[in-house]
Amino acid sequence: MTPKQHQPERDQRHPGRPLSGECASTPCLEMEVPACAARPDHPIMAEILDALARTMMNNDVGKQRRLVEFKDGCRYGKFGKTKAYELIAQERIKAYKLGGKTMIDLDSVDQFHASLPKVESRAS
């Protein structure tokens with residue numbers, strides 16, 4: 001009988017690659033970055049960048065949107081995150097997804113503020 005040689009475990013997402021170090025106990029989170037990712041002149045990267053630029057432009061007026069991260073939009077609008085989600089659901093402010101981030105359009109926050117009713121003082 002010949003002794004069995006130790007065969008390293010294989011990563012299920014990358015069958016040709018053995019599991020190594022810290023990836024052996026947890027799923028491997030490493031992603032291979034294609035060589036074209038570093039080249040903005042690559043056709044795919046150019047298409048992605050053009051699409052991103054189009055989403056950042058207001059097609060109606062041709063001016064750039066004032067988009068900020070969610071927490072900064074809440075701070076600007078002087079409301080908390082729960083109220084921000086309510087306003088987004090009611091379509092009173094506009095929000096966009098950029099990757100995993102929610103971006104708030106500050107112009108829509110300004111419009112929301114302008115739409116709020118004025119407080120009438122009671123005369124005695």
Side-chain angles (χ1 to χ4, degrees):
M1 222 195 267
T2 58
K4 290 184 179 177
Q5 290 184 340
H6 174 66
Q7 292 291 324
E9 287 186 49
R10 300 287 175 181
D11 186 341
Q12 291 179 353
R13 282 181 266 156
H14 308 289
R17 211 185 297 167
L19 286 173
S20 63
E22 56 192 60
C23 286
S25 60
T26 59
C28 184
L29 299 177
E30 293 178 18
M31 292 185 62
E32 292 181 26
V33 178
C36 67
R39 293 182 24 217
D41 60 329
H42 190 275
I44 293 173
M45 287 304 295
E47 184 178 339
I48 291 169
L49 292 173
D50 286 343
L52 181 60
R54 279 194 305 275
T55 61
M56 297 294 280
M57 293 294 290
N58 185 344
N59 293 333
D60 298 337
V61 184
K63 69 174 191 167
Q64 195 166 8
R65 292 182 180 149
R66 295 188 307 148
L67 297 180
V68 295
E69 288 187 23
F70 185 81
K71 64 179 180 176
D72 296 325
C74 292
R75 190 176 302 127
Y76 178 84
K78 307 270 193 266
F79 42 72
K81 64 180 185 179
T82 303
K83 186 64 172 180
Y85 284 121
E86 288 174 9
L87 294 171
I88 292 167
Q90 297 167 359
E91 297 182 355
R92 296 188 74 188
I93 63 172
K94 294 178 185 173
Y96 303 92
K97 289 300 257 186
L98 182 62
K101 294 182 179 180
T102 301
M103 308 295 283
I104 293 182
D105 186 345
L106 294 182
D107 293 330
S108 69
V109 175
D110 289 339
Q111 290 173 354
F112 166 69
H113 283 159
S115 72
L116 293 174
K118 240 181 191 178
V119 175
E120 309 247 349
S121 63
R122 295 183 188 179
S124 327

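Heavy atoms only: backbone and side chains are in, while hydrogens, waters and symmetry mates are out.
- Here the straight-line distance linking atom SG of C74 with atom CD of E69 works out to 11.5 Å at 0.5 Å rounding.
- For T102, the side-chain hydrogen bond (donor to acceptor under 3.5 Å, both in side chains) partners two or more places apart in sequence, or in a different chain, are K97.
- A distance of 6.5 Å separates CZ in R65 from CG in D105, rounded to the nearest 0.5 Å.
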With a 3.5 Å cut-off and sequence neighbours excluded, list the donor-acceptor pairs that the side chains of residues 75-94 form with protein atoms.
from, atom 1, to, atom 2, distance (Å)
R75, NH1, D72, OD1, 3.0
Y76, OH, D110, OD1, 2.6
Y76, OH, D110, OD2, 3.2

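- Both V68 and F70 belong to a single network of hydrophobic side chains, linked directly or stepwise wherever heavy atoms of I, L, V, M, F, W or Y lie under 4.5 Å apart.
- For K118, there are no side-chain hydrogen bond (donor to acceptor under 3.5 Å, both in side chains) partners, not counting sequence neighbours.
- When side chains are defined from C-beta on, R122 does not count as touching E120, because their heavy atoms never get closer than 4.5 Å.
- Here the CG-NE2 distance, from L106 to H113, works out to 10.5 Å after rounding to the nearest 0.5 Å.
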Point to revise | Worked check of side-chain contact (heavy atoms from CB on, under 4.5 Å) between I104 and V109 | key: CA-CA 8 Å; I104 293 182; V109 175; 3.7 Å; yes

